[in-house]
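A quick write-up on the structure given underneath.
Just the heavy atoms: all of them, side chains too, but no hydrogens, waters or symmetry mates, feed the values below. All chains are named by letter (A, B, ...) in the order of the sequence lines, taking the proteins before the strands, and each is independently numbered beginning at 1.
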Amino acid sequence: MFLAIAQRLGQMLFVMLGISITVFLIFFATPGADPSARIAGRNASPEVLEAVRKSFGFDQPFYVQYLIMMKKIFISGDLTSFVNRGWKVVPAILDAIPVTLSLVIGAAVLWVIFAIIIGTVAAATRGSWLDKALMIMGLIGISMPVYWLGEVMNLITQSRFKDTWMFSWVPPLGYKNFSDSPKAWFLTLIIPWITLAILYIGLYARVLRANLIEAMQEDYVRTARAKGLSETRILLRHALRTSLISFITLFGLDFGALVGGAALLTEVVFDLHGVGKLTYEALLTLDLPVIMATVLYASIFVVLANALVDVIYIFLDPRVRTV
Amino acid sequence: MLEVRDLKVSFRTEQGLVQAIDGVSFSVAEGEILGVVGESGSGKTVSLLAVMGLITDPNALIEGSIKYKGRELVGLNAKEMRQLRGREIAMIFQDPMTALTPVYTIGWQIAEQIRAHNKISAKAAELRAIELLAEVNIPNPAEAIHRYPHQLSGGMRQRAVIAMALSCNPSLLVADEPTTALDVTVQAQILDLVRKLQRNHKSAVVFITHDMGVIAEIASRVMVMYAGRIVERGSQSQLFSSPLHPYTKALLDSIPPLEGPKPHRLKSIPGAPPTLLNRPAGCAFAPRCVNRFEACINTPALTANGHDAACFRVNP
Ligand SMILES: Nc1ncnc2c1ncn2[C@@H]1O[C@H](COP(=O)(O)OP(=O)(O)OP(=O)(O)O)[C@@H](O)[C@H]1O
Ligand SMILES: [Mg+2]
């Protein structure tokens, strides 16, 4: 088992190397475009262009350029934005990462727990009014766009009912550092967590319910029944346990994408300066160094999330343990 | 010990009500091996699933009476049925590849059954699992309990399934084609095993198969099913030496003889068994029967004198 985990982590490094090279080539080796002009931004003076060319080594071969870039991003961390004069990119990203991680991990905890509870209850009471009610709620959750839901949440908690006993505890929008005040951190994130999680709760509960119902038709469930086990035990220990394998696969994809910036809309609505928002702003101003660095950091997290899921997978499914 | 009287199982389907089992009666005595034979779709599995209370399809209707040790099982509440299942009556299924939960070790799965019916510690259950695996001839059982199903061959998995079925010393073991999915040598070993265990544990066995050769090997009494009804039943020797029903004769003709010259071609039964929706009125076998005559448009009754057949040629 440990060998299998070590192997997955090793693969991860290769994947990251591949991503960094690909991203570099896309941004800096596209034929016919002068990267220094793009980095310098619109209407840059010749002196600035020359400085960019020197600093990024654009007069040298590609591999040197690549190494300089990687050094600027990962080692010296002195990649600067020319669009936003002198703005240090790496610290900005390092500030944004905890915001996104806090948002996404908290939402993920919520959505995994509630999706498992709702999906299992629905499958156990299949065909009943409870099942139907839960699935309709799930469908509503899936169909509410997150930016709309977020705005409605803000409307309720930040203005309409702000001063009632119900929502007086909700702090103003924005992110509070965990290290400064864990309580403030938690309180500011509750509403964003719920908002982001609702879509996934609906989706995952429905998927899990379908998987469970399918699993309950499997031969091993018939064996479990023939053993004289209770229906609850069969559902939880046999059907749910095997269904979690595909649940986790789905989770890995969504979690990775969210950490990589797909939580953008939630971040914008709740004024959280996370990776998604940073990338979005960099795209608006065509700030190439920022885009390059955020894409790279995002891909690191996507790859990490996938590796994490693979490791969970190894624990859940004995069939993938053998290397 | 087991007394099934006039069992009827029907399913509500889109095409209407289909009668999968149509008035089946049989009994199993302590310590005997009853062979159940018949073509695919004849209702072997469904009739024994009904005995186990394992027909979970909400569209199924079960009528008749199933008495186990004097206790009526039809309509028994789920909890009491569950306490019987696995402890008093155990069942082995056809396909060992899918019969075990893939994410647990076989030792865990055996211990789970033991602990569902007995208040013993996890450690004691594990020791018992090792004993059971040794009993079904799994090499190195102390290590084998830590194996996952995918790490075992089909034959080994079926042994593990058998060990699990035997874990609570059931008085009745239902084996639904336990050897069909296995290759011939493994098949013979599993048959030996079932016979040995039946002797040691003194359990009764209902052995379902569609292979007359397996019946010849293992059964003491035989019941032949066709389209949801019993067409012939009797002791193994009666059935093999003097089959009464044309369908049984045809089944016997379709197994290769063990000695003597090989026939040029084995005889096969012309036609196919009827589907549940277009079962002919009267004797269901009549359209394929070489001996049919006018009377066969009625439903023949099963005689009741030890060696019985449902055929107007036998019982006019
Ligand atoms: N849930 C169900 N709904 C409708 N029909 C069913 C259902 N379960 C079984 N049947 C029908 O009952 C009949 C008997 O099936 P059964 O599985 O008992 O056959 P069998 O004799 O065990 O055959 P095999 O040798 O293929 O295992 C079949 O025609 C089958 O289609
Ligand atoms: Mg069957």
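Between the side chains of A:E214 and A:N211, no donor N or O sits under 3.5 Å from an acceptor N or O. For the residue pair A:Y147 / A:T266, no side-chain donor-acceptor distance below 3.5 Å is found, with atom types taken as modelled. Remark: the B:R159 side chain and the B:Q189 side chain contain an N/O donor-acceptor pair separated by less than 3.5 Å.
Options B:R87, B:M97, B:Q94, B:Q109 differ in how many heavy-atom pairs under 4.5 Å they form with chain A, and the most are formed by B:Q109. For chain A, the option among B:A99, B:S167, B:P58, B:A78 with the highest count of heavy-atom pairs below 4.5 Å is B:A99. Considering only heavy-atom pairs separated by less than 4.5 Å from chain A, the leading option among B:I92, B:L54, B:L49 is B:L54. When each of B:V161, B:D95, B:L84, B:L100 is scored by its heavy-atom pairs under 4.5 Å with chain A, the top score falls to B:L100. The most heavy-atom pairs under 4.5 Å with chain A, out of B:T98, B:T105, B:I89, come from B:T98.
Checking each of B:V174, B:L173, B:L191 against B:F207 for a side-chain contact (heavy atoms from CB on, under 4.5 Å) leaves exactly one that passes, namely B:L191.
Atom CZ of A:F186 has 12 or fewer neighbouring heavy atoms from other residues, nucleotides or ligands inside a 6.0 Å radius. Atom CZ of B:F26 is surrounded by more than 12 heavy atoms from other residues, nucleotides or ligands within 6.0 Å.
By the 6.0 Å and 45° rule, A:R241 stacks over the aromatic ring of B:Y104.
Using a 4.5 Å cut-off between heavy atoms, B:M164 contacts chain A through its side chain alone, with no backbone atom that close. Only the side chain of A:R233 comes within less than 4.5 Å of a heavy atom in chain B; its backbone stays farther off. Contact of A:L316 with chain B is made through the backbone alone, with heavy-atom distances under 4.5 Å. Residue B:Q113 touches chain A through both its backbone and its side chain, counting heavy-atom pairs closer than 4.5 Å.
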